[in-house]
Amino acid sequence: MAAQEHTSDQYTPKKENKFSFGLWTVGNRGRDPFGDFVRPELDPVYSVKKLSELGAWGVSLHDNDLVPFDATPQERDRIVRDFKQALSDYGMVVPMATTNLFFHPAFKDGAFTSNDPKVRAFALQKTMRAIDLGAELGAKVYVFWGGREGADAEASKDPVTAIKRMRDALNFLSAYSIDQGYNLRFALEPKPNEPRSDIYFPTVGHMLAFIYTLDHPDMVGLNPEVAHEHMAGLNFVHAVAQAIEAGKLFHIDLNDQKGPRFDQDLRFGSENIKSMFFLIRLLEHSGYDGAHHFDAHALRTEDEQGVWDFALGCMRTYNMLKAKVQRFDADPEVQQLLQAINSSDGTYEPLLSGGYSRESARQLKEARFDIAALAQRGLGYERLDQLTIEHILGVR
Ligand code: GCO
Ligand code: MN
Ligand code: MN
């Protein structure tokens with residue numbers, strides 16, 4: 001069935017779902033290291049129109065997704081003016097903007113971490129201009145994905161120096177954004193590898209630790225991506241939970257991935273359904289109200305219609321899983337099991353939550369536990385997990 005003819009139902013995306021897509025996602029032309037483009041270019045104005053018709057709320061962009069690398073200032077202004085007109089015509093926002101610091105051959109050894117000071121200086125110049133563009137388009141979040149900030153030949157770059165260079169760049173750009181009066185929050189996006197064989201700050205945990213070493217840690221958070229943590233063999237739900245707990249989930253890149261391989265950018269929820277179920281449960285319970293941003297693209301087998309099928313599929317699957325989460329949470333047997341798992345006679349709560357004191361240490365040292373009973377108790381997690389599966393498979 002063609003995407004635009006899809007019958008409307010309770011899973012049909014709506015603006016209030018805050019779904020957004022990168023211009024580069026629907027604009028992906030299917031080129032890979034082994035084969036050429038399979039689809040023609042999409043005009044950003046056309047993508048805005050199509051995405052809006054499908055129920056999306058926003059579009060994000062790299063500077064060069066909209067303004068070509070070598071555009072003159074006059075061309076830039078005309079393109080930006082037409083794009084803003086399209087945003088207003090189709091009721092779309094730009095929640096996030098970013099810089100392309102990986103495509104041009106000048107960035108072959110990275111941008112902010114390049115060994116060449118001229119490249120590092122150019123990267124700052126390009127990013128300041130792209131920040132200006134993002135602010136002009138109303139973006140609230142500015143993403144930093146370290147595309148080529150890594151190394152292939154380990155001897156070529158001291159990794160400690162690379163970390164310091166990245167810190168210097170982010171400190172400079174935070175100060176720039178504050179100085180301009182932009183109300184931007186920076187979201188750092190970790191990825192373990194690709195296009196470099198190793199990228200610095202490979203996971204959410206690495207990035208989180210780094211943020212607290214910056215000059216303006218309050219304005220810097222994370223943009224975790226499903227595929228990137230899965231490439232590192234990690235549990236994405238737990239990574240996002242840590243970002244949320246730290247108040248650092250500023251943005252999220254939703255897609256899917258078949259295990260620890262190259263970055264596949266598959267349609268959201270097309271592979272790891274159970275893990276995406278728990279991701280949505282986490283996001284919905286946490287009150288996260290930022291963009292639900294898809295960073296994925298249609299398969300190389302597709303024509304333009306396949307691109308819109310892909311985009312609609314990402315959004316519908318989110319809403320379908322969200323409905324499953326609501327049914328799961330409302331299931332009396334699930335509630336009863338969760339209550340049993342979290343119940344106790346209350347004896348130790350005051351000691352566990354009261355913090356350290358000499359008295360609490362003394363009481364804990366003297367406490368007598370029925371260790372055998374603790375060891376023998378069955379926890380009922382098999383039943384709970386099976387209920388999860390029954391909900392996901394739609395039989396409850
Ligand atoms: C990738 C990344 C990128 C970034 C984008 C925005 O693996 O290619 O996920 O798509 O998200 O450049 O920073
Ligand atoms: Mn990616
Ligand atoms: Mn991404």
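Both counts, for ligands and for their atoms, begin at 1 and track the order of listing.
The Mn ion (ligand 2) is closest to atom OD2 of D263 (considering only N, O or S atoms).
Around atom CD of E41, no more than 12 heavy atoms belonging to other residues, nucleotides or ligands sit under 6.0 Å away. Within 6.0 Å of the CD atom in E366, the count of heavy atoms belonging to other residues, nucleotides or ligands exceeds 12. The environment of CZ in R129 is sparse: at most 12 heavy-atom neighbours from other residues, nucleotides or ligands sit within 6.0 Å. The environment of E154 atom CD is sparse: at most 12 non-hydrogen atoms of other residues, nucleotides or ligands sit within 6.0 angstrom. Heavy atoms from other residues, nucleotides or ligands lying under 6.0 Å from CZ of F172 number 12 at most. A 6.0 Å sphere centred on NZ of K108 holds no more than 12 heavy atoms belonging to other residues, nucleotides or ligands.
Checking N64 against K126 by side-chain atom types alone, a donor-acceptor pair falls below 3.5 Å.
Judged by a 6.0 Å distance limit and a 45° cone about the ring axis, R148 is not positioned over the six-membered ring of F107.
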Please report the C-alpha distance between D158 and T161 in whole Å, then the side-chain angles of each, then the deciding distance to 0.1 Å, and finally whether the side chain to side chain donor-acceptor pair (under 3.5 Å) criterion is met. CA-CA 5 Å; D158 172 12; T161 304; 2.8 Å; yes
Short N or O separations between ligand 1 and the protein, below 3.5 Å:
| unit_1 | atom_1 | unit_2 | atom_2 | d |
| --- | --- | --- | --- | --- |
| ligand 1 | 7 (O) | K191 | NZ | 2.7 |
| ligand 1 | 7 (O) | H228 | NE2 | 3.1 |
| ligand 1 | 7 (O) | D263 | OD2 | 2.7 |
| ligand 1 | 9 (O) | E189 | OE2 | 2.9 |
| ligand 1 | 9 (O) | E225 | OE1 | 2.7 |
| ligand 1 | 9 (O) | H228 | NE2 | 3.2 |
| ligand 1 | 9 (O) | D295 | OD2 | 2.8 |
| ligand 1 | 10 (O) | W24 | NE1 | 3.4 |
| ligand 1 | 10 (O) | D295 | OD1 | 3.4 |
| ligand 1 | 10 (O) | D295 | OD2 | 2.8 |
| ligand 1 | 11 (O) | E189 | OE1 | 2.7 |
| ligand 1 | 11 (O) | E189 | OE2 | 2.9 |
| ligand 1 | 11 (O) | D253 | OD2 | 3.0 |
| ligand 1 | 11 (O) | D295 | OD2 | 2.8 |
| ligand 1 | 12 (O) | H62 | NE2 | 2.6 |

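In this structure, R267 does not pair ionically with E302, as no charged nitrogen and carboxylate oxygen lie closer than 4.0 Å.
Distances shorter than 2.8 Å separate the Mn ion (ligand 3) from the protein N/O/S atoms E189 OE2, E225 OE1, D253 OD2, D295 OD2.
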